[in-house]
*Asks:* 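Here it is, the structure in full.
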Amino acid sequence: MAVLKTYARLWTDDLDQALPLLEELTGEEPHLRLAFEQVALAAIGNFLVIAGPAEERARYSHASATVVVDDLDALLATLTSAGATVTTPTTGGPTGRFLYAHHADGAEIEYVEWTPELVRRIIPG
């Protein structure tokens, strides 16, 4: 199992208002943009921007980062052996599969296994 990418999470009311500064800071345009439930998401550089009403964003604020891995099943075995607790079981989403885990040290992370197409498009080969 390998970590392919790690995103710091940024929270905003308005995605379109947040992106210009991040584009200037990173020198990039968003490489991923989508809606998920009641929030809008954009990935730019090493930031995952989560936008929408505060009450909707709060549903995801327990995780401090989003980590993309190449094998969610292998990750699950590693997490379990390290004493982590899965707080959201493996679920399908618009980019592949994901789960949330609470580490034994108290950190909570969203882990994502992207579709092969996304990996080819975003992760340098």
Side-chain angles (χ1 to χ4, degrees):
M1 189 283 308
V3 171
L4 302 177
K5 190 156 186 62
T6 301
Y7 290 107
R9 289 174 158 215
L10 299 179
W11 309 93
T12 184
D13 295 329
D14 186 324
L15 191 59
D16 290 324
Q17 187 177 12
L19 288 176
L21 175 59
L22 293 172
E23 289 172 354
E24 185 174 340
L25 291 172
T26 64
E28 299 179 24
E29 293 189 13
H31 53 263
L32 186 63
R33 192 164 176 172
L34 60 114
F36 181 73
E37 297 183 355
Q38 301 301 312
V39 296
L41 304 150
I44 180 168
N46 292 317
F47 297 106
L48 179 64
V49 186
I50 303 168
E55 62 275 6
E56 291 300 326
R57 293 190 323 252
R59 297 177 59 204
Y60 309 100
S61 64
H62 55 282
S64 59
T66 298
V67 177
V68 180
V69 297
D70 68 347
D71 186 337
L72 206 58
D73 297 323
L75 168 76
L76 187 54
T78 300
L79 291 171
T80 301
S81 70
T85 302
V86 173
T87 57
T88 299
T90 302
T91 304
T95 62
R97 303 183 310 146
F98 68 93
L99 63 81
Y100 282 79
H102 187 88
H103 295 192
D105 65 2
E108 185 149 356
I109 308 292
E110 176 194 30
Y111 291 98
V112 180
E113 180 184 320
W114 278 343
T115 63
E117 184 277 324
L118 274 180
V119 172
R120 283 190 299 276
R121 184 168 65 80
I122 297 172
I123 304 299

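All values derive from a computational prediction rather than experimental measurement. Because only heavy atoms are used, hydrogens play no part in the values below, and waters and symmetry mates are left out as well, while side chains stay in.
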*Asks:* Applying side-chain hydrogen bond (donor to acceptor under 3.5 Å, both in side chains) to T87 and E108, what does each step give before you reach the verdict?
*Replies:* CA-CA 9 Å; T87 57; E108 185 149 356; 2.5 Å; yes
*Asks:* Please indicate whether E55 has more than 12 foreign heavy atoms, meaning atoms of other residues, nucleotides or ligands, lying under 6.0 Å from its CD.
*Replies:* yes
*Asks:* Quick one: list whatever passes side-chain contact (heavy atoms from CB on, under 4.5 Å) with H31, sequence neighbours left out.
*Replies:* K5, Y7, E28, A43, I122
*Asks:* Might you point out which heavy atoms bring L79 and L99 nearest each other, and give the distance in Å?
*Replies:* CD1-CD1, 4.1 Å
*Asks:* Among V39, T66, L10, whose side chain to side chain contact (heavy atoms under 4.5 Å, CB included) with I50 holds?
*Replies:* V39
*Asks:* For a side chain to side chain contact (heavy atoms under 4.5 Å, CB included) check, start with the C-alpha distance between L76 and V86, then their side-chain angles and the critical distance, and finish with the verdict.
*Replies:* CA-CA 8 Å; L76 187 54; V86 173; 3.3 Å; yes
*Asks:* Rounded to the nearest 0.5 Å, what separates atom CZ in R33 from atom CG in L19?
*Replies:* 5.5 Å
*Asks:* Go through it in stages, so that I can follow the logic: the residues are V69 and L4, the test is side chain to side chain contact (heavy atoms under 4.5 Å, CB included), and I'd like the CA-CA distance, side-chain angles, deciding distance and then a yes or no.
*Replies:* CA-CA 5 Å; V69 297; L4 302 177; 5.9 Å; no
*Asks:* Spell out, yes or no, whether L48 and V68 are grouped together once hydrophobic residues are joined by side-chain heavy atoms under 4.5 Å, including indirect joins.
*Replies:* yes
*Asks:* State, to 0.1 Å, how close H103 and A84 come at their nearest heavy-atom pair, and which atoms those are.
*Replies:* CA-CB, 4.0 Å
*Asks:* Identify the two heavy atoms, one from F98 and one from T88, that lie closest to each other, and give their separation to 0.1 Å.
*Replies:* CE1-CG2, 4.3 Å
*Asks:* Kindly give the heavy-atom pair with the smallest separation between A42 and P30, and that separation in Å.
*Replies:* CB-CB, 4.5 Å
*Asks:* If you draw a 6.0 Å radius around CD in E56, do more than 12 non-hydrogen atoms from other residues or ligands fall strictly inside?
*Replies:* yes
*Asks:* Under the side chain to side chain contact (heavy atoms under 4.5 Å, CB included) rule, what do V49 and L15 come out as? Steps first, then yes or no, please.
*Replies:* CA-CA 7 Å; V49 186; L15 191 59; 3.5 Å; yes
*Asks:* Give the minimum heavy-atom separation between A74 and M1, together with the two atoms involved.
*Replies:* CB-CB, 3.8 Å
*Asks:* So does R97 pair up with D73, basic N to acidic O under 4.0 Å?
*Replies:* yes
*Asks:* Have Q17 and T12 got a donor and an acceptor in their side chains that come within less than 3.5 Å?
*Replies:* no
*Asks:* What closest approach, in Å, do P53 and Q38 show between heavy atoms, and which atom pair accounts for it?
*Replies:* CD-O, 4.1 Å
*Asks:* Taking only residues two or more places apart in sequence or in another chain, which ones pass side-chain contact (heavy atoms from CB on, under 4.5 Å) with S81?
*Replies:* none
*Asks:* Quick one: pull up CG in L41 and CG in L34 and give me the separation to the nearest 0.5 Å.
*Replies:* 5.0 Å
*Asks:* Do V112 and V3 sit in the same hydrophobic cluster, where Ile, Leu, Val, Met, Phe, Trp and Tyr count as joined when their side-chain heavy atoms come under 4.5 Å apart?
*Replies:* no
*Asks:* Once ring pair (Phe, Tyr, Trp, His ring centres under 6.0 Å) is applied, what residue pairs with a partner in residues 44-88 remain, sequence neighbours excluded?
*Replies:* H62-Y100
*Asks:* Could you measure the distance from the CZ atom of F36 to the OG1 atom of T95? Nearest 0.5 Å is fine.
*Replies:* 8.5 Å
